[in-house]
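Only this structure's heavy atoms are used, side chains among them; waters, hydrogens and symmetry mates stay out. As the structure is a prediction and not an experimental result, all values here were calculated from the model.
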Amino acid sequence: MARRLRPVELDFVASAPLRLVFTAEVAAPPKAVYAALAQDVAGWSCWFTGVSRSAPTDDGWGREVRLTGGTRFTETVLAAEPEAHYAYRVDTTNAPGLRALLEDWRLTPAGGGTRLRWTFAAAGPAPFQLAMTLARPGLGRAFRDSARALDRRLATA
């Protein structure tokens with residue numbers, strides 16, 4: 001059953017009780033990376049580890065995401081700045097323990113490619129925060145694997 005989470009805004013990325021930040025560089029330019037993040041939402045399942053299905057809603061200002069294993073999210077896009085910034089919050093989910101979640105993607109030019117910074121900003125009870133802190137190495141590995149998969153996908157596009 002889906003539960004409604006606390007609606008947060010972009011400032012939550014700085015104030016969240018739990019912030020996990022990961023970075024990677026890809027060879028593709030920011031324009032191509034931004035298009036993959038914000039315009040090809042359905043393509044996330046082809047490169048982002050754990051995403052089994054994703055679809056845009058609300059004329060691109062929302063998303064529905066399913067993870068491998070059955071976790072579901074409905075999301076609202078909060079920032080869509082071409083070639084620079086893409087962020088969304090989770091509105092509803094069936095994931096236990098989560099009270100608020102915002103994911104923030106920042107893109108900066110890096111030579112001929114892009115430096116990606118993904119911030120996972122969340123709130124939940126102490127056991128949730130502890131579990132997510134312990135999961136940090138796995139999330140980091142999934143992010144780096146996903147960045148490499150995105151790079152391969154964009155290189156063949």
Side-chain angles (χ1 to χ4, degrees), residues 1-26 33-34 36-58 60-81 84-108 110 114-154:
M1 176 194 289
R3 293 178 301 99
R4 181 154 294 284
L5 301 186
R6 178 168 50 105
V8 294
E9 297 300 327
L10 288 173
D11 61 346
F12 185 69
V13 79
S15 65
L18 175 71
R19 291 180 66 246
L20 304 176
V21 181
F22 306 98
T23 60
E25 289 193 13
V26 295
V33 175
Y34 180 82
L37 290 173
Q39 297 161 356
D40 184 20
V41 172
W44 279 57
S45 61
C46 298
W47 62 269
F48 198 89
T49 302
V51 173
S52 62
R53 182 184 177 284
S54 55
T57 62
D58 300 323
W61 290 101
R63 300 164 21 120
E64 289 182 358
V65 177
R66 285 184 183 257
L67 302 182
T68 307
T71 302
R72 296 181 313 273
F73 303 103
T74 61
E75 303 168 338
T76 297
V77 174
L78 300 176
E81 300 171 34
H85 186 204
Y86 186 63
Y88 45 88
R89 73 165 174 245
V90 172
D91 296 318
T92 63
T93 185
N94 63 343
L98 196 54
R99 292 184 183 149
L101 175 60
L102 183 132
E103 294 184 43
D104 186 89
W105 294 80
R106 301 287 179 150
L107 292 70
T108 53
T114 304
R115 180 177 174 84
L116 284 172
R117 186 181 78 202
W118 175 48
T119 302
F120 180 94
F128 167 81
Q129 290 186 50
L130 176 62
M132 292 308 299
T133 300
L134 294 173
R136 187 184 202 300
L139 282 172
R141 188 171 35 262
F143 170 74
R144 288 186 300 279
D145 290 349
S146 297
R148 283 191 294 275
L150 175 61
D151 212 16
R152 286 190 301 273
R153 180 176 170 86
L154 294 175

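Checked by atom type and distance alone, the side chain of Asn94 pairs as donor or acceptor with a backbone atom of Gly70 at under 3.5 Å. Looking only at distances, a side-chain donor or acceptor of Arg3 sits under 3.5 Å from a matching main-chain atom of Ala95. A donor-acceptor pair under 3.5 Å is formed between the side chain of Thr93 and the backbone N or O of Arg72. Of the possible polar contacts, one joining the Thr57 side chain to the Arg63 backbone as a donor-acceptor pair under 3.5 Å is found.
For Trp44, the ring-ring contact (aromatic ring centres under 6.0 Å, His included) test picks out Trp47, Phe48, Trp105, with sequence neighbours left out. Shown here are the salt bridge (Lys or Arg N to Asp or Glu O under 4.0 Å) partners of Asp40, two or more places apart in sequence or in another chain: Arg153. Judged as a salt bridge (Lys or Arg N to Asp or Glu O under 4.0 Å), and not counting sequence neighbours, Glu81 has no contacts. Phe73 pairs by the ring-ring contact (aromatic ring centres under 6.0 Å, His included) definition with nothing, not counting sequence neighbours. For the side-chain contact (heavy atoms from CB on, under 4.5 Å) test, residues two or more places apart in sequence or in another chain that qualify with Pro125 are Arg99, Pro127, Phe128. Under the salt bridge (Lys or Arg N to Asp or Glu O under 4.0 Å) criterion, Glu64 pairs with no residue, sequence neighbours left out. A search for side-chain contact (heavy atoms from CB on, under 4.5 Å) contacts involving Asp151 returns Val26, Ala27, Ala28, not counting sequence neighbours. Shown here are the salt bridge (Lys or Arg N to Asp or Glu O under 4.0 Å) partners of Arg148, two or more places apart in sequence or in another chain: Asp145. Partners of Ser146 according to the side chain to side chain donor-acceptor pair (under 3.5 Å) rule, which considers only residues two or more places apart in sequence or in another chain, are Thr49. Listed by chain and residue number, Arg66, Thr68 satisfy the side-chain contact (heavy atoms from CB on, under 4.5 Å) test with Ser52 (two or more places apart in sequence, or in another chain).
The two residues Ala42 and Pro56 come nearest to each other via the heavy atoms N-CD, 4.5 Å. When every heavy atom of Leu154 is checked against every heavy atom of Ala36, the shortest pair comes out as CD2-CB, 4.2 Å.
Judged by distance alone, the side chains of Ser45 and Ser54 never bring a donor and an acceptor atom under 3.5 Å apart.
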Could you walk me through whether Phe12 and Leu101 pass side chain to side chain contact (heavy atoms under 4.5 Å, CB included), step by step? CA-CA 9 Å; Phe12 185 69; Leu101 175 60; over 6 Å; no
Carefully, step by step, assess Leu116 and Leu107 under the rule side chain to side chain contact (heavy atoms under 4.5 Å, CB included). CA-CA 5 Å; Leu116 284 172; Leu107 292 70; 4.0 Å; yes
Pairs of donor and acceptor atoms involving the side chains of residues 129-144, under 3.5 Å and at least two apart or interchain, shall be tabulated with distances.
from   : atom 1 : to     : atom 2 : distance (Å)
Gln129 : NE2    : Gly124 : O      : 2.7
Thr133 : OG1    : Gln129 : O      : 2.8
Arg136 : NH2    : Val21  : O      : 3.1
Arg144 : NH1    : Gly140 : O      : 3.2

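Note on residues 115-132: pairs passing salt bridge (charged side-chain N to carboxylate O under 4.0 Å, His left out), not counting sequence neighbours, are Glu25-Arg115.
Within the 4.5 Å cutoff, side-chain heavy atoms of His85 are placed close to those of Leu10. Proximity of Leu67 to Val51: side-chain heavy atoms (C-beta onward) are separated by under 4.5 Å at one or more points.
Thr74 contributes atom OG1, which lies 6.5 Å from atom CZ of Arg4 (distance to the nearest 0.5 angstrom). In this structure, the separation between OG1 on Thr119 and CG on Leu20 is 9.0 Å, given to the nearest 0.5 Å. Atoms CG and CD, on Leu78 and Glu103 in that order, are 11.5 Å from each other to the nearest 0.5 Å. Considering CG of Leu102 and CZ of Phe120, their distance stands at 10.0 Å, rounded to 0.5 Å.
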